[in-house]
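I have placed the structure first, in the form of structure tokens, so that the comments after it can refer back to it.
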Amino acid sequence: MLKQYITDIAYQAIKEAVKNNRLGEMTLEQDFTLNTETPKNEEFGDFALNVSSLARYAKMSPAAIAQTVSEYINTDDIEINTVAGFINFKLGKSFLNTIIKDILNLKSTYGSNDFGEGQKVILEYVSANPTGPFHIGHGRWAAMGSALANLLKFAGYDVYQEFYINDAGNQIKNLGRSLHIRVLQEMGEKIDFPADETERKSFYPGDYLIPAAKDFVKENPEFSKSLTKELNDEQLEKLSSFAKAKMLEAQKELLKKFHTHFDNFYSETDLHKSGKVEKCLQKLEEKGMLYEKDGALWFKSSLFGDDQDRVLKKTDGSNTYLTADIAYHHDKIQRGFDKLINIWGADHHGYVARMKASIEALGDNPDKLEVLLGQLVNIVLNGEAMRMGKRKNMVTLDDLIDEVGVDATRYWMIIRSIDTTLDFDIELAKSKTDDNPVFYVQYAHARACSIFRNAKTERVNVETKEKIAPVFEETELDNAIMNADLNLLWTVDDEKSSASAKKLILKLEEFNFIIYMAARNRAPYLICKYLQELAGCFHQFYTFSRVLTEDKNLTAARLALVKAVSTVIKTSLDLLAVDAPERM
RNA sequence: GCGCCUGUAGCUCAGUCGGAUAGAGCGUCAGUCUCCGAAGCUGAAGGUCGGGGGUUCGAAUCUCCCCGGGCGCACCA
């Protein structure tokens with residue numbers, strides 16, 4: 001990427017200057033970092049390097065350092081000037097043309113890099129209980145997780161996506177007992193969920209079990225008839241596993257619809273059956289990490305930075321949720337992953353310390369686990385925020401998607417940094433106006449595509465009814481673009497046209513840096529931000545530069561730029577798994 | 001009380017892990033379609049970066065103390 005290129009040039013110059021004793025007391029052993037940035041004010045140049053950080057070593061004024069270093073920079077086609085402690089670089093046309101050529105040649109791989117060095121990453125997200133439909137929060141993790149997976153792959157990681165099914169424990173029994181009530185209702189019995197608030201909490205009274213009950217009765221008529229208000233273990237087991245399978249199936253279907261792909265669904269029940277949980281306990285025991293107290297088995301997690309020790313085996317002999325989770329994460333490491341990245345809701349942040357503690361206790365590096373804590377989602381309806389999680393007005397993800405569509409839902413779920421609470425404004429996400437960044441970006445892509453359509457099809461002048469011949473035959477269009485003389489972009493004597501073209505090309509180049517930053521910070525929202533800026537630059541270019549003209553050569557040059565733009569928009573939207581429409 | 005996140009323009013948010021005059025979108029106001037999609041573009045107004053100390057050449061950014069908001073502190077999952 002160009003930023004790196006500039007930084008390298010500057011580093012070489014500093015080296016030369018030091019060798020010639022021009023930088024005061026500066027030596028090369030000194031620990032300094034150079035940071036090339038894009039200036040806020042574009043009049044300064046295309047890139048800027050701040051050398052103030054060298055002042056303390058050189059014992060010279062930043063301005064003098066900038067001046068001296070700039071004398072040792074020699075490159076073709078870059079203009080250099082210094083202001084105070086800054087060295088400013090202005091790129092020549094050859095650089096700009098090369099950027100377009102690169103994009104046209106690299107196509108959908110433009111922007112990718114090997115930052116991840118092929119590290120094997122297991123990315124775990126959503127991991128919901130199979131006890132009901134997803135709520136809106138799950139939607140944020142699903143959108144963000146799948147976008148992050150795409151992004152990390154693009155940045156050179158080897159990513160494996162996994163969904164941990166929390167299908168063990170009491171909640172599954174509660175689900176079975178809830179289905180039981182719905183089945184009895186189906187059979188015509190007058191029965192309902194307990195009215196008492198606390199008792200009701202161990203049931204799932206949502207309507208979504210009604211269709212499941214209908215299916216159950218259809219598939220198990222005799223069994224259903226034999227059911228009474230009292231359940232034996234065998235019956236409960238049958239009901240529970242039926243409901244669980246139904247819920248899981250619905251969840252999988254929705255994930256698919258939501259462009260979220262998992263390589264594997266990992267069942268907690270299977271984990272228990274495999275004996276891995278017991279094995280993991282043994283391992284902890286052997287390492288002296290366990291002790292008994294008050295009839296329970298405890299893990300010395302406080303040795304590794306946790307606030308307090310944690311119970312792994314309850315007094316009744318059963319394992320806690322944590323026990324299975326420890327075994328699960330241990331298993332991930334055993335499967336050979338270098339990096340365990342989890343997306344958890346902020347309400348689980350207390351678990352990070354104990355999870356890391358368990359990894360360390362089992363003899364691995366706790367830094368292998370990276371937990372991304374996502375702040376929660378509020379639904380904003382008519383300008384009023386509704387807390388999610390309140391059972392009454394819980395909006396399911398399915399409802400939300402039906403209301404605003406997959407694309408807009410995904411985009412809005414990704415648009416904010418994971419650290420901030422997301423206000424999801426339903427009306428705004430639905431709106432097909434310029435308030436809505438999704439449409440702004442998609443429109444830019446559609447507009448670019450429409451230029452290509454027009455370039456090769458006959459049009460009619462609305463005013464004169466005259467036919468306008470296509471600029472290029474379909475067969476020659478691609479060739480014309482690939483072989484365009486890009487210097488023509490700069491020969492027109494229209495200040496605004498060339499300025500907007502240059503700004504646009506530099507924005508295209510910035511994509512490399514954005515991918516690097518977004519991957520490094522695990523921050524897919526940066527792609528949204530970038531897309532909006534890129535779309536803005538393109539719209540501006542479009543207003544100042546007519547693409548389809550009678551000058552075939554100029555048209556080809558501008559089409560090449562438009563092609564580069566649509567390529568990068570498409571690549572970016574693909575990373576977000578949001579559609580890039582050719583017309584809207 | 002302890003822990004994590006957070007407070008930046010009227011609103012929603014950026015701010016590249018200490019650097020140039022703090023940015024963008026929306027909203028407001030003023031312009032802009034005989035021509036490739038006006039779902040667009042141009043311009044203007046708008047901020048003592050929650051408050052106060054500290055660190056240094058330099059702080060929205062680091063540190064400490066207050067104030068406000070969200071989430072969590074189970075032998076539930």
Side-chain angles (χ1 to χ4, degrees), chain A residues 3 35-41 44 48 50 52-53 55-56 61-62 83-86 88 129 131 166 168-172 201-202 268 294-298 307-308 310-316 318-322 324-325 345-353 373-376 378 380 383 387 415-421 423 425 428 431-437 439-440 442-444 446-447 449-455 459 461-464 468 471 496 500 513-514 516-517 520-521 525-526 529 532-533 535-536 538-540 542-549 555 558 562 583-584:
Chain A
K3 264 183 188 169
N35 200 7
T36 302
E37 50 195 279
T38 43
K40 282 156 195 162
N41 187 337
F44 286 123
N50 188 335
S52 303
S53 56
R56 70 178 62 166
S61 78
V83 182
F86 288 86
N88 296 315
N129 297 336
T131 52
N166 288 149
N170 290 327
Q171 84 273 19
I172 297 300
K201 273 189 179 155
S202 46
E268 184 185 349
D294 305 331
L297 189 63
W298 294 70
D307 298 342
Q308 52 175 282
R310 306 290 167 181
V311 170
L312 294 188
K313 241 181 218 308
K314 300 181 241 176
T315 41
D316 70 1
S318 64
N319 292 324
T320 61
Y321 170 77
L322 178 64
D325 223 19
D347 50 343
H348 286 75
H349 88 264
Y351 289 79
V352 179
L373 290 172
Q375 298 299 314
L376 305 179
N378 291 327
V380 176
R387 286 283 120 66
I415 198 168
R416 300 286 173 239
S417 152
I418 196 166
D419 288 333
T420 61
T421 310
D423 282 332
D425 189 323
L428 187 55
S431 76
K432 297 189 164 43
T433 64
D434 50 359
D435 325 2
N436 194 348
F439 286 91
Y440 184 77
Q442 288 185 321
Y443 175 60
R447 190 179 232 184
C449 291
S450 113
I451 296 174
F452 294 120
R453 279 195 301 273
N454 290 334
R459 286 166 296 148
N461 187 317
V462 191
E463 195 79 348
T464 61
I468 306 169
V471 188
K496 284 187 170 171
S500 61
F513 182 66
I514 294 296
Y516 160 73
M517 286 297 291
R520 195 194 71 181
N521 298 344
Y525 78 92
L526 289 174
K529 201 179 143 234
Q532 284 154 236
E533 289 168 3
F538 174 60
H539 286 313
Q540 193 188 46
Y542 177 90
T543 16
F544 291 133
S545 314
R546 197 176 161 85
V547 178
L548 303 178
T549 66
T555 301
R558 289 187 171 163
V562 176
R583 55 181 94 219
M584 2 186 350

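Every chain is numbered from 1, with letters handed out A, B, ... down the list of sequences. Below, each value reflects all heavy atoms present in this structure, side chains not excepted, and no hydrogens, waters or symmetry copies.
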Between CG on residue Asp325(A) and CG on residue Asn319(A), distance to nearest 0.5 Å: 12.0 Å
Gln540(A) side-chain N/O to rG40(B) phosphate OP1/OP2 under 4.0 Å: no
Sugar-phosphate, base or nothing in reach of Ala324(A), heavy atoms under 4.0 Å: nothing
Stacked cation flag Arg447(A) on Tyr542(A), 6.0 angstrom / 45 deg: yes
Minimum-distance nucleotide to Asp419(A) side chain [options: rG37(B), rC36(B), rC5(B)]: rC5(B)
Euclidean distance, atom CD of residue Gln308(A) to atom P of rG3(B) [Å, nearest integer]: 14 Å
Nucleotide opposite rG72(B) in a Watson-Crick or G-U pair, distances under 3.5 Å: rC2(B)
Given rA14(B), rU16(B), rG19(B), the nucleotide with the shortest approach to the side chain of Ser417(A): rA14(B)
Candidates rC17(B), rA20(B), rC13(B) - which lies nearest the side chain of Asn35(A): rC17(B)
Nucleotide of rU16(B), rA38(B), rC75(B) approaching Tyr542(A) most closely (side-chain heavy atoms): rA38(B)
C1'-based separation of rG50(B) from rC36(B) [nearest Å]: 50 Å
Candidate nucleotides rG37(B), rU16(B), rA20(B), ranked by approach to the side chain of Phe86(A) - the nearest: rA20(B)
Which nucleotide in rU12(B), rC4(B), rG37(B) has an atom nearest any side-chain atom of Arg583(A): rG37(B)
Tyr525(A) vs rG15(B): side-chain N/O to OP1/OP2 distance below 4.0 Å: yes
Tyr440(A) over rA39(B), stacked by centroid distance under 5.5 Å, angle under 30°: no
Arg416(A), nearest nucleotide to its side chain (from rC35(B), rA20(B), rU12(B)): rU12(B)
Side chain to side chain, Ile418(A) and Leu373(A), heavy atoms closer than 4.5 Å: no
Nearest-neighbour nucleotide for the Thr38(A) side chain, rG40(B), rU16(B), rC71(B) considered: rU16(B)
Watson-Crick/G-U partner (both atom distances under 3.5 Å) of rU56(B): none
Glu268(A) side-chain N/O to Gly169(A) backbone N/O, donor-acceptor pair under 3.5 Å: no
Pairwise C1' distance, rC65(B) and rU55(B) [rounded to whole Å]: 15 Å
Touch class at under 4.0 angstrom, heavy-atom based, for Gln171(A) against every strand present: sugar-phosphate
Separation of Asp425(A) CG from Asn378(A) CG (nearest 0.5 Å): 11.5 Å
Shortest side-chain distance from Arg546(A), nucleotide among rC35(B), rG37(B), rC41(B): rC35(B)
Distance test, side-chain N/O of Ser450(A) to OP1/OP2 of rC36(B), below 4.0 Å: no
Sugar-phosphate, base or nothing in reach of Lys3(A), heavy atoms under 4.0 Å: base
Rounded C1' spacing from rC4(B) to rG58(B) in Å: 31 Å
Euclidean distance for C1', rC62(B) against rU56(B) (whole angstrom): 11 Å
C1' spacing across the pair rC49(B) / rG43(B), given as an integer number of angstrom: 26 Å
Identity of whatever pairs with rC41(B) - Watson-Crick or G-U, under 3.5 angstrom: rG31(B)
Sugar-phosphate, base or nothing in reach of Asn50(A), heavy atoms under 4.0 Å: base
Syn/anti label of rC33(B) as read from its glycosidic torsion, with the cut at 90° from 0: syn
rA14(B) phosphate, OP1 or OP2, under 4.0 Å from Thr420(A) side-chain N/O: yes
Closest nucleotide among rA14(B), rG37(B), rC75(B) to the Thr315(A) side chain: rC75(B)
Whole-Å C1' distance, rG15(B) and rA22(B): 8 Å
Paired nucleotide for rC11(B) [Watson-Crick or G-U wobble; both distances under 3.5 Å]: rG25(B)
Rounded P spacing from rC5(B) to rG52(B) in Å: 24 Å
rC36(B) - base-pair partner by Watson-Crick or wobble geometry, distances under 3.5 Å: none
Polar pair under 3.5 Å, donor/acceptor by atom type, side chain Thr543(A), base rG40(B): no
Rounded P spacing from rG70(B) to rU28(B) in Å: 30 Å
Sugar-phosphate only, base, or nothing, as touched by Ala168(A) at under 4.0 Å among non-hydrogen atoms: sugar-phosphate
Sugar-phosphate only, base, or nothing, as touched by Ala84(A) at under 4.0 Å among non-hydrogen atoms: nothing
No-H, no-angle donor-acceptor pair, His349(A) side chain to rG72(B) base, under 3.5 Å: no
